[in-house]
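Notes follow the structure.
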Amino acid sequence: MPFWKTSQFNRAPGFAERWLRRVLIEDWSLKLLALAITLILWFVVSGHDVEREVTVQPILEGKPAAAYEVKSVTATPNQVRLQGPAGSVNATEIKAFTEKISVDGRQESFDALHTAVYTSDSKVEVLDTVNVHVDIGAVASQKPKS
């Protein structure tokens with residue numbers, strides 16, 4: 001059995017081999033830098049917070065005094081700014097509501113100033129507060145006038 005000389009297996013690299021070496025091996029430090037920049041930009045852009053305005057829903061608890069009722073509830077401003085991840089803020093089902101405002105035993109209208117606003121998503125931050133005006137009045141008589 002003859003011994004093969006290793007010099008017989010030396011050959012020039014083909015086109016594909018040269019191309020792969022150039023793409024994968026040469027200038028690896030420059031390619032690593034480009035990859036790092038790409039990853040940093042991707043993290044910055046994907047984690048970017050956005051703002052959106054949504055309508056506030058005032059929340060009341062309790063009942064006014066006997067023979068009185070809540071006539072209307074108005075939040076001023078009626079919209080607040082939300083800030084957070086784009087996926088959460090832009091969700092169609094996100095809601096903004098005030099903290100609970102007690103009308104228990106009340107006989108006259110009142111204002112709840114600088115009322116805190118919360119959202120249905122804990123990842124979203126509310127940037128504004130609202131003033132809530134609660135209009136309370138006597139219950140209209142149920143008897144028809146003669």
Side-chain angles (χ1 to χ4, degrees), residues 6 8-146:
T6 57
Q8 292 175 341
F9 294 107
N10 287 343
R11 59 177 173 72
F15 172 76
E17 190 176 348
R18 284 192 314 261
W19 182 81
L20 282 172
R21 277 189 188 167
R22 189 172 55 232
V23 168
L24 299 175
I25 298 173
E26 294 177 8
D27 294 329
W28 64 269
S29 60
L30 188 60
K31 291 174 182 156
L32 187 62
L33 177 64
L35 178 64
I37 291 171
T38 303
L39 290 174
I40 289 169
L41 287 174
W42 182 73
F43 282 119
V44 167
V45 171
S46 66
H48 186 67
D49 287 350
V50 295
E51 280 189 21
R52 175 181 165 199
E53 285 191 357
V54 295
T55 304
V56 177
Q57 300 172 351
I59 304 294
L60 302 179
E61 73 176 349
K63 292 185 179 185
Y68 288 90
E69 66 182 351
V70 175
K71 300 283 187 181
S72 67
V73 181
T74 309
T76 307
N78 67 342
Q79 291 194 332
V80 292
R81 293 174 300 142
L82 305 180
Q83 182 181 35
S88 298
V89 172
N90 292 331
T92 56
E93 66 272 357
I94 193 160
K95 306 280 187 220
F97 47 90
T98 65
E99 63 186 349
K100 292 180 180 178
I101 300 170
S102 176
V103 294
D104 210 23
R106 298 261 189 169
Q107 298 178 356
E108 55 189 38
S109 300
F110 67 97
D111 291 322
L113 303 176
H114 305 291
T115 305
V117 179
Y118 301 99
T119 65
S120 54
D121 189 341
S122 62
K123 295 180 232 167
V124 176
E125 178 184 0
V126 180
L127 301 177
D128 304 315
T129 61
V130 296
N131 297 327
V132 179
H133 177 75
V134 181
D135 188 24
I136 297 179
V139 176
S141 173
Q142 301 297 326
K143 296 181 183 177
K145 293 182 180 180
S146 47

Review point. Taking only residues two or more places apart in sequence or in another chain, which ones pass side chain to side chain contact (heavy atoms under 4.5 Å, CB included) with Ile37?
Key: Leu33, Leu41
Review point. Closest approach of Phe97 and Ile59, non-hydrogen atoms and distance?
Key: CB-CG1, 3.8 Å
Practice item. Taking all non-hydrogen atoms of both residues into account, name the closest pair between Thr55 and Gln79 and its distance. Key: OG1-NE2, 3.5 Å
Point to revise | Full working for salt bridge (charged side-chain N to carboxylate O under 4.0 Å, His left out) between Arg106 and Glu108 | key: CA-CA 6 Å; Arg106 298 261 189 169; Glu108 55 189 38; over 6 Å; no
Check your understanding: Between the side chain of Ser120 and the main-chain N/O of Ile94, is any donor-acceptor distance below 3.5 Å?
Key -> no
Point to revise | Arg81: partners by salt bridge (Lys or Arg N to Asp or Glu O under 4.0 Å), with sequence neighbours left out | key: Glu51, Asp128
Review point. Among all residues two or more places apart in sequence or in another chain, which pass the side-chain hydrogen bond (donor to acceptor under 3.5 Å, both in side chains) test with Ser88?
Key: Asp121
**Study point:** Check: Ser72 side chain, Asp135 main-chain N or O, donor-acceptor pair, under 3.5 Å
**Key:** no
Point to revise | Pairing residues for Lys31 by the salt bridge (Lys or Arg N to Asp or Glu O under 4.0 Å) criterion, not counting sequence neighbours | key: none
Revision key, fill the gap. In short, Pro58 meets Val73 closest at the heavy-atom pair CB-CG1, 3.5 Å
Review point. So which heavy atom on Gln83 is nearest to which on Val89, and how close?
Key: C-CG2, 3.8 Å
**Study point:** Set of residues satisfying side chain to side chain contact (heavy atoms under 4.5 Å, CB included) with respect to Ala91, sequence neighbours excluded
**Key:** Glu93
Point to revise | Pairwise distance CG(Leu60) to OG1(Thr98) - rounded to 0.5 angstrom | key: 7.0 Å
Practice item. Kindly check if the number of other-residue, nucleotide or ligand heavy atoms within 6.0 Å of CD (Glu53) is above 12? Key: yes
Point to revise | Separation of Ile101 CD1 from Asp111 CG (nearest 0.5 Å) | key: 10.0 Å
Review point. So, for Glu99 and Tyr118, which heavy atoms are closest and what is the spacing to 0.1 Å?
Key: CB-CE1, 3.7 Å
Point to revise | Contact summary for Val126 and Val117, nearest pair of heavy atoms | key: CG2-O, 3.5 Å
Review point. Could you go step by step and tell me if His114 and Asn131 meet the side chain to side chain contact (heavy atoms under 4.5 Å, CB included) rule?
Key: CA-CA 5 Å; His114 305 291; Asn131 297 327; 4.3 Å; yes
Review point. So, does Ser109 use its side chain to make a donor-acceptor pair with the main chain of Ile136 at under 3.5 Å?
Key: yes
Review point. Under the salt bridge (Lys or Arg N to Asp or Glu O under 4.0 Å) test, which residues partner Glu61, sequence neighbours left out?
Key: none
Exercise for review: Please check if atom NZ in Lys63 has more than 12 non-hydrogen atoms from other residues, nucleotides or ligands closer than 6.0 Å.
Suggested key: no
